[in-house]
Q: 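My structure is below; once you've seen it, I'll send some questions.
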Amino acid sequence: MVKITLIKSASNATESVKATVAALGLKKIRQSKTLESTPANLGQIEKVKHLLKVEEV
């Protein structure tokens, strides 16, 4: 399990990055989600890691 928290805004990012943040289920800054550590989720997290804080749960 991985806990992700949006720490920076994606408003000035490309459409691809915005879509990835939305697909992870994050809408507001400081919002957190706990996700399974699947290859698909880890790939999305890797793409937008500059906007996230990632913690192992």
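The structure presented is a predicted model; accordingly, all values stated were derived computationally and were not measured.
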Q: What are the two closest non-hydrogen atoms of V21 and A10, and how far apart are they?
A: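 So the minimum-distance heavy-atom pair works out to CG2-CB, 4.3 Å.
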Q: Under the side-chain contact (heavy atoms from CB on, under 4.5 Å) criterion, do E36 and M1 qualify, and how do the steps go?
A: CA-CA 5 Å; E36 294 290 329; M1 298 288 281; 3.0 Å; yes
Q: Rounded to the nearest 0.5 Å, what separates atom CD in E56 from atom OG in S37?
A: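 The CD atom of E56 sits 5.0 Å away from the OG atom of S37.
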Q: What closest approach, in Å, do K47 and H50 show between heavy atoms, and which atom pair accounts for it?
A: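 Reported closest heavy-atom pair: O-CE1, 3.7 Å.
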Q: Over all heavy atoms of both residues, which pair between T20 and Q44 is shortest? Give the atoms and the distance, please.
A: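 Closest heavy-atom pair between T20 and Q44: CG2-O, 3.7 Å.
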Q: State which residue, out of L42, V57, N41, fulfils the side chain to side chain contact (heavy atoms under 4.5 Å, CB included) condition with V2.
A: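 Checked L42, V57, N41 against V2; only one passes side chain to side chain contact (heavy atoms under 4.5 Å, CB included): L42.
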Q: If you measure from CG on L26 to CD1 on I7, what distance do you get to the nearest 0.5 Å?
A: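 Rounded to the nearest 0.5 Å, the CG-CD1 separation comes to 11.5 Å.
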Q: Count I, L, V, M, F, W, Y as connected when their side-chain heavy atoms are under 4.5 Å apart, and connections chain through other members. Are V54 and V17 then in the same cluster?
A: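 Yes, it is one cluster - the side chains of V54 and V17 are joined through contacts under 4.5 Å.
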Q: In Å and rounded to the nearest 0.5 Å, what is the CD1 to NZ distance from I4 to K53?
A: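 Interatomic distance, I4 CD1 to K53 NZ, rounded to 0.5 Å: 12.0 Å.
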Q: Given L24 and K33, is the side-chain contact (heavy atoms from CB on, under 4.5 Å) satisfied, shown in steps?
A: CA-CA 8 Å; L24 288 170; K33 291 281 182 173; over 6 Å; no
Q: Assess the residue pair L52 and L6 against the criterion (side-chain contact (heavy atoms from CB on, under 4.5 Å)); give the C-alpha distance rounded to whole Å, side-chain angles, the decisive distance to 0.1 Å, and a yes or no.
A: CA-CA 5 Å; L52 303 175; L6 187 63; 4.0 Å; yes
